[in-house]
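Just so it is clear, the values below take in all heavy atoms, side chains as well, and ignore hydrogens, waters and symmetry mates.
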Amino acid sequence: MASFLACAWCKKHLPDDAEVFALGAKIKADYFKLADKQAGQTVQFHLLATNRDIPAIISTADSEAKREGKDLLFPACSMSCGKALEAALHEDKGIAETFLN
């Protein structure tokens with residue numbers, strides 16, 4: 001089955017065999033109910049600071065990411081896209097605290 005994953009920052013398609021970087025995020029307390037209802041799904045977040053929508057995968061309760069404190073995962077095609085996304089998320093001061101893997 002083909003993947004349709006794209007970089008959350010530049011929107012470049014990520015082929016199934018591509019190296020993918022992940023920007024993990026811990027959701028702020030106000031958003032826990034939303035995340036629980038949509039665990040395992042990809043959702044869109046609007047960043048006011050950059051006026052762009054970005055996709056994030058909500059970690060499931062039994063995932064390794066969740067055990068590591070990562071409620072959200074933002075896929076990135078490169079470390080530079082991951083860092084740009086991280087900077088935008090910090091500037092936006094929206095829903096999460098981030099850390100890049």
>> I need the Phe21 CZ to Ser78 OG distance, nearest 0.5 Å.
In response: 6.5 Å
> Is there side-chain contact between Lys11 and Pro55, with heavy atoms separated by less than 4.5 Å?
Replying inline: yes
>> Can you confirm whether more than 12 heavy atoms, excluding those of Lys12, are under 6.0 Å from its NZ atom?
In response: no
> If every non-hydrogen atom of Leu73 is compared with every non-hydrogen atom of Ala65, which pair is closest and at what distance?
Replying inline: CD1-CB, 3.9 Å
>> Whether the side chain of Arg67 engages the backbone of Ala61 through a donor-acceptor N/O pair (distance < 3.5 Å, no angle test) should be reported.
In response: no
>> Between Ser59 (side chain only) and Lys70 (backbone N and O only), is there a donor and an acceptor less than 3.5 Å apart?
In response: yes
> So which heavy atom on Leu14 is nearest to which on Ala6, and how close?
Replying inline: CD1-C, 3.7 Å
> Where is the tightest heavy-atom contact between Cys7 and Ala76, given as atom of each residue plus distance?
Replying inline: SG-CA, 3.7 Å
>> Show the nearest heavy-atom pair for residues Gly82 and Leu23, with the distance to one decimal.
In response: O-CD2, 4.2 Å
> Going through the checks in order, is the side-chain contact (heavy atoms from CB on, under 4.5 Å) test met by Ile54 and Leu89?
Replying inline: CA-CA 10 Å; Ile54 57 168; Leu89 286 163; 4.0 Å; yes
> Asp71 versus Lys66: any side-chain heavy-atom pair under 4.5 Å?
Replying inline: yes
>> Please check if the number of heavy atoms outside Glu64 that lie under 6.0 Å from its CD is greater than 12.
In response: no
> NZ/Lys83 to CH2/Trp9 distance, rounded to the nearest 0.5 angstrom?
Replying inline: 14.5 Å
>> Between Glu86 and Phe74, is there a side-chain heavy-atom distance shorter than 4.5 Å?
In response: no
>> If you define the side chain from C-beta out and look only at heavy atoms, does anything of Leu72 sit under 4.5 Å from Ile58?
In response: yes
